[in-house]
Amino acid sequence: MILSASSLTKSYFAQDVLKDVTFQLDEHDKLAIIGVNGAGKSTLLHLITGEEDYDSGSLSINKSMKIGYLSQEHAFDLDKSIYETLEEPFEGLMKIEKRLRELENLMGTSSDLDQIMREYDSLSAKFDHENGYEMQSQIKGILNGLGFSEDMWSQPMRILSGGQKTRIGLGQLLLTKPDLLLLDEPTNHLDLSSIEWLENYLKNYPKALIVVSHDRYFVDQVSNTIMEIENGRSTIYKCKYSEYAQIKKHNRDVDLKHYLDNQKVIKKMQDSIDLLKSFGREKQVKRAESKEKALAKMEKIERPESLPRSIRLSFDPEVESGFDVLKVKDLAMAFDHPLFDHVSFEIKRGEKAALLGPNGIGKTTLFHIILHDLSPTHGKVKLGVKVMIGYYDQEQTSLNMNKSIFDEISDTYPTMTNTEIRNVCATFLFRGDDVFKTIGDLSGGEKGRVILIKLLLNKANFLILDEPTNHLDIQSEEVLEDALSDFPGTILFISHDRYFINKIATKVIELTPHGTKTYEGDYDYYLTHRIDKQEESKEKAVTQVKIQNTIDKKTKNRIKKLEEEISQMEETITNKEASLNDEEILNDYEKYNALNDEIAADNEKLEALMEEWEALQE
């Protein structure tokens, strides 16, 4: 055991955040902390690192353990190169390496060679023990894995964006190899290839890990234990996320059923009490009073605070589109430099297509071309008959920051009743007085949920969604998945959330600089077949070389054999032509005609052999 927490509590300004958090972490455990936004996940990490103090409970941490924490704030020397910044975790090893070079230079000039050799042997052993010879390859592996191409390594840190600096911070942390790695939303600012690389790195990480992430696919890949923080209390599930999700859904359904059954009993008793009282007779009134006492003593099950799965949204398009929804043909786009070219794909009614590709490839630009906000440098985009588009914009420009959530929905959809508005808002986790919050005061994730409500109510039959799960907590993502899975129209979406892609996508379109590749399935299908195609391409290249070598060898052998056959056939024809002058043949017209026929047949064979020989020579 390297860490143990018991009944931890933490409050801010008399507001309880953590009420009872209890868990234990062993040497090689990989724990994922999940919960809604504001549940206290990051707060718990701050308690573990000692950045904040807990109010009560106990937290025991192995004193000799080195903890590494991915902070969102980094103090970098902006004049250093990217590569030099990644060398910082190896400062001690680099000093040893420098001293070894100095000692090597002294060996030929110093009179005290024994002392130099003793120091050299000691430092060499330490350098080898701490994997100093692997230092450069580790740095290069991290840089490549996090998406920094080699031509960037010598560039100064000041040219990087905030997201890129966060990735460098993650790289530094991974290179320190702490005994306990604490990661708070590590997949932010990473594209899919970098996330996949990080997953593989963490799956093979030999020490302990605690990760906070909304990326359910990532959590499922890297963790073996789930800790859910709900209403300030922790619950441990010794399983992967996909199994936890099934357990949670079952428990949620059971809790909801118990609550509804309890409500039915209460209502039945209350109806009976009201009826007895309505008679106005002493005997019935006493019976009513007796039942009231029984009702008061009866156990009341509180309404489950987790979102009931029975609350669902049904979004029906106003009209059905034609079968052909979108055709993109030979599309190209360039600004200062080319983004992509030869992009062609089609989307049919009812399909839910995920558009994938590395950051900067032009996915959002492609969306704006489809929306006719931008004109391509080449190619055509054609929308089908009766296609009505609903667009989710990452920039959230469609909201009025001065309105309340309720007014924003009500003004956009004036025919909706107050109850309908409250129900739809509750489904996206805006409950009670939350609906009267001013939009300008909301977080990015809350604003995103308001846009999704408006979008899914606008009766469009073709939804174009740009990162719709950004800033959403897991519970909100589940609501969105249910709504989009049931949506009878067509969807084209960009997302880095592979769990979300798996739930929604019926096809995957991979955007590359020189075209698209389409996979008729979900993300797992895409991943398997993409890897298969990569391996297939490698195998094809090797096979082609082998085939060519085999063909070349067979061709040479066949040419040699043909030359032998041609020589034999020419000799045979010459001998047969000479036989025509034999007296025996000349005096027997049947033998003469038969021999002539043989010579004619042999000449045809010779001609065929010659043609094949000439073809192989070319």
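These figures come from a predicted structure and were not determined experimentally.
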Test salt bridge (Lys or Arg N to Asp or Glu O under 4.0 Å) on Glu481 and Arg216; report intermediate values, then the result.
CA-CA 13 Å; Glu481 284 165 0; Arg216 293 160 294 169; 2.3 Å; yes
Can you name the one residue among Ile491, Leu355, Leu371 that meets side-chain contact (heavy atoms from CB on, under 4.5 Å) with Ile464?
Leu371
Could you tell me whether the side chain of Lys327 and the main chain of Lys380 form a donor-acceptor pair under 3.5 Å?
no
Nearest heavy atoms of Lys507 and Glu346, plus distance in Å
NZ-O, 3.1 Å
Axial cation check for Phe148 ring with Arg167, 6.0 Å and 45° limits:
yes
Please tell me whether Tyr133 and Phe127 form a close aromatic pair, meaning their ring centres lie under 6.0 Å apart.
yes
Could you check, using the six-membered ring where one of them is a Trp, whether Tyr523 and Tyr526 have ring centers closer than 6.0 angstrom?
yes
Is it the case that the side chain of Thr85 and the backbone of Ser81 share a donor-acceptor pair, with hydrogens and angles ignored and the cut-off at 3.5 Å?
yes
Give me the ring orientation class for Tyr83 and Trp153: parallel if the planes are under 30° apart, tilted from 30 to 60°, perpendicular past 60°.
tilted
Do Ile347 and Leu492 make a side-chain contact, defined as non-hydrogen atoms from C-beta onward lying under 4.5 Å apart?
yes
Partner of Tyr217 by side chain to side chain donor-acceptor pair (under 3.5 Å), out of Asp497, Asp524, Asn502, Thr187
Asp524
Testing the basics here: between Met388 and Asn461, what is the closest heavy-atom pair and its distance to 0.1 Å?
N-OD1, 2.8 Å
Between the side chain of Lys207 and the main-chain N/O of Leu181, is any donor-acceptor distance below 3.5 Å?
no
Are Phe500 and Phe493 close enough that their ring centers fall under 6.0 Å?
yes
Using a 6.0 Å cut-off, check whether atom NZ of Lys576 has over 12 heavy atoms from anything other than its own residue.
yes
Does the Glu185 side chain pair with the main chain of His214, one donor and one acceptor, at a distance under 3.5 Å?
yes
Using the side chain to side chain donor-acceptor pair (under 3.5 Å) criterion, which residues pair with Glu564? Sequence neighbours excluded.
none
When rounded to the nearest 0.5 angstrom, what distance separates NZ in Lys30 from CG in Leu202?
7.5 Å
Please walk me through it: do Met135 and Gln138 pass side chain to side chain contact (heavy atoms under 4.5 Å, CB included)?
CA-CA 5 Å; Met135 176 171 57; Gln138 286 181 42; 5.8 Å; no
When rounded to the nearest 0.5 angstrom, what distance separates OH in Tyr592 from CG in Leu580?
5.0 Å
For the pair Lys363 (side chain) and Pro358 (backbone), establish whether a donor and an acceptor sit closer than 3.5 Å, ignoring hydrogens and angles.
yes
Lys80 meets the side chain to side chain donor-acceptor pair (under 3.5 Å) criterion, sequence neighbours left out, with Glu88
So with a 6.0 Å cut-off around NZ of Lys203, is the heavy-atom count from everything else above 12?
yes
Does Glu351 form a salt bridge (Lys or Arg N to Asp or Glu O under 4.0 Å) with Lys348? I'd like the steps, not just the answer.
CA-CA 6 Å; Glu351 288 186 328; Lys348 308 298 184 184; over 6 Å; no
Check whether the side chains of Asp215 and Ser213 place a donor and an acceptor atom closer than 3.5 Å, and report yes or no.
no
Just by distance, do the side chain of Thr506 and the backbone of Lys352 share a donor-acceptor pair under 3.5 Å?
yes
